[in-house]
Trainee: 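Quick one: structure below, then a few questions.
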Amino acid sequence: MKKQTEKECENSKGEKAMHLHKFEKIWLIFGIGILIIFLAVVGVGAFAMGHQPASNIKTIDPEKVAETAPFNNPGLVHIKGNKYELNLVAEAFSYTPNTIQIPKDAEVTINVATKDVVHGFSIAGTNVNMMVEPGYVSSYTQTFSKTGEFLVLCNEYCGAGHHLMMAKVEVTE
Ligand SMILES: [Cu+2]
């Protein structure tokens, strides 16, 4: 075994050449390959598909949530077709509105703002799960294709009444 290794290390002129063990080569190719794949995924996402870090973040004066549109009149707003906008205000320890009726198959853009501390807005059984920070409007678009009652929960600890902070989404035909 040792003899064979030494033989591989010599080139035709009998000089010592750099020798890489077979496993080292495999791992180098594997490592560099993974790096190229990773950079390609990031590159295609950024340049071909236009994925970017969040921009045009919506901000709001947390002390004026109640006077700032659309949070001065929270609730579900019909935009057009199956498109809706749901504006909600979170505060310790409630959501306004507290019960939300949504027609089945509606595509709803949910905007949430908080009047006081950090709250959460998650709708159990859906992909909606947002952190609501003072000074910012948190948004997520969700299509409600199943009828039924969904529990809305705050999952950012916000004080003594945190466990009581909930609301209800009713998806109806
Ligand atoms: Cu909360």
Side-chain angles (χ1 to χ4, degrees), residues 34-173:
I34 290 284
L35 185 66
I36 290 168
I37 292 168
F38 172 75
L39 290 174
V41 167
V42 173
V44 167
F47 298 108
M49 299 169 82
H51 289 177
Q52 291 173 345
S55 62
N56 58 30
I57 291 169
K58 276 183 273 176
T59 55
I60 188 167
D61 183 341
E63 288 179 5
K64 291 184 181 141
V65 170
E67 297 108 84
T68 310
F71 301 102
N72 55 352
N73 186 18
L76 191 72
V77 184
H78 186 206
I79 306 299
K80 62 174 180 185
N82 69 332
K83 287 191 169 42
Y84 290 80
E85 204 175 86
L86 174 61
N87 304 303
L88 281 128
V89 176
E91 64 192 292
F93 302 99
S94 65
Y95 296 100
T96 311
N98 188 252
T99 303
I100 308 124
Q101 267 141 1
I102 297 172
K104 188 177 174 267
D105 293 326
E107 188 191 301
V108 185
T109 299
I110 304 161
N111 304 308
V112 195
T114 168
K115 281 182 177 177
D116 39 48
V117 295
V118 173
H119 292 286
F121 184 86
S122 76
I123 307 178
T126 71
N127 272 346
V128 182
N129 187 2
M130 294 190 276
M131 193 183 201
V132 189
E133 291 172 86
Y136 296 93
V137 176
S138 301
S139 299
Y140 189 80
T141 301
Q142 169 80 13
T143 303
F144 293 87
S145 45
K146 269 188 272 177
T147 56
E149 264 186 32
F150 298 85
L151 181 66
V152 175
L153 283 172
C154 174
N155 52 19
E156 296 292 333
Y157 182 74
C158 55
H162 168 66
H163 60 291
L164 300 170
M165 187 161 171
M166 56 185 84
K168 196 166 67 177
V169 166
E170 293 173 357
V171 183
T172 50
E173 289 285 348

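When a ligand or atom number is given, it counts from 1 through the structure's own listing order.
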Trainee: Restricting to salt bridge (charged side-chain N to carboxylate O under 4.0 Å, His left out), what partner residues turn up for Glu63, sequence neighbours left out?
Mentor: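 By the salt bridge (charged side-chain N to carboxylate O under 4.0 Å, His left out) rule, Glu63 matches no residue at all.
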Trainee: Sum up the protein N, O or S atoms located under 2.8 Å from the Cu ion (ligand 1).
Mentor: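 For the Cu ion (ligand 1), protein nitrogen, oxygen or sulfur atoms under 2.8 Å: 4.
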Trainee: What residues form a ring-ring contact (aromatic ring centres under 6.0 Å, His included) with Phe71, not counting sequence neighbours?
Mentor: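 By the ring-ring contact (aromatic ring centres under 6.0 Å, His included) rule, Phe71 matches no residue at all.
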Trainee: Does Glu91 form a side chain to side chain contact (heavy atoms under 4.5 Å, CB included) with Thr96? I'd like the steps, not just the answer.
Mentor: CA-CA 8 Å; Glu91 64 192 292; Thr96 311; 4.0 Å; yes
Trainee: When you look at OH of Tyr136, are more than 12 heavy atoms from neighbouring residues, nucleotides or ligands closer to it than 6.0 Å?
Mentor: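 Result for OH/Tyr136: open.
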Trainee: Leu88 and side-chain contact (heavy atoms from CB on, under 4.5 Å): which single residue from Ile100, Val152, Asn111, Thr114 fits?
Mentor: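 Testing each of Ile100, Val152, Asn111, Thr114 against Leu88, the sole residue satisfying side-chain contact (heavy atoms from CB on, under 4.5 Å) is Ile100.
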Trainee: Who passes salt bridge (charged side-chain N to carboxylate O under 4.0 Å, His left out) against Glu85, sequence neighbours left out?
Mentor: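 Checked Glu85 against salt bridge (charged side-chain N to carboxylate O under 4.0 Å, His left out); zero matches.
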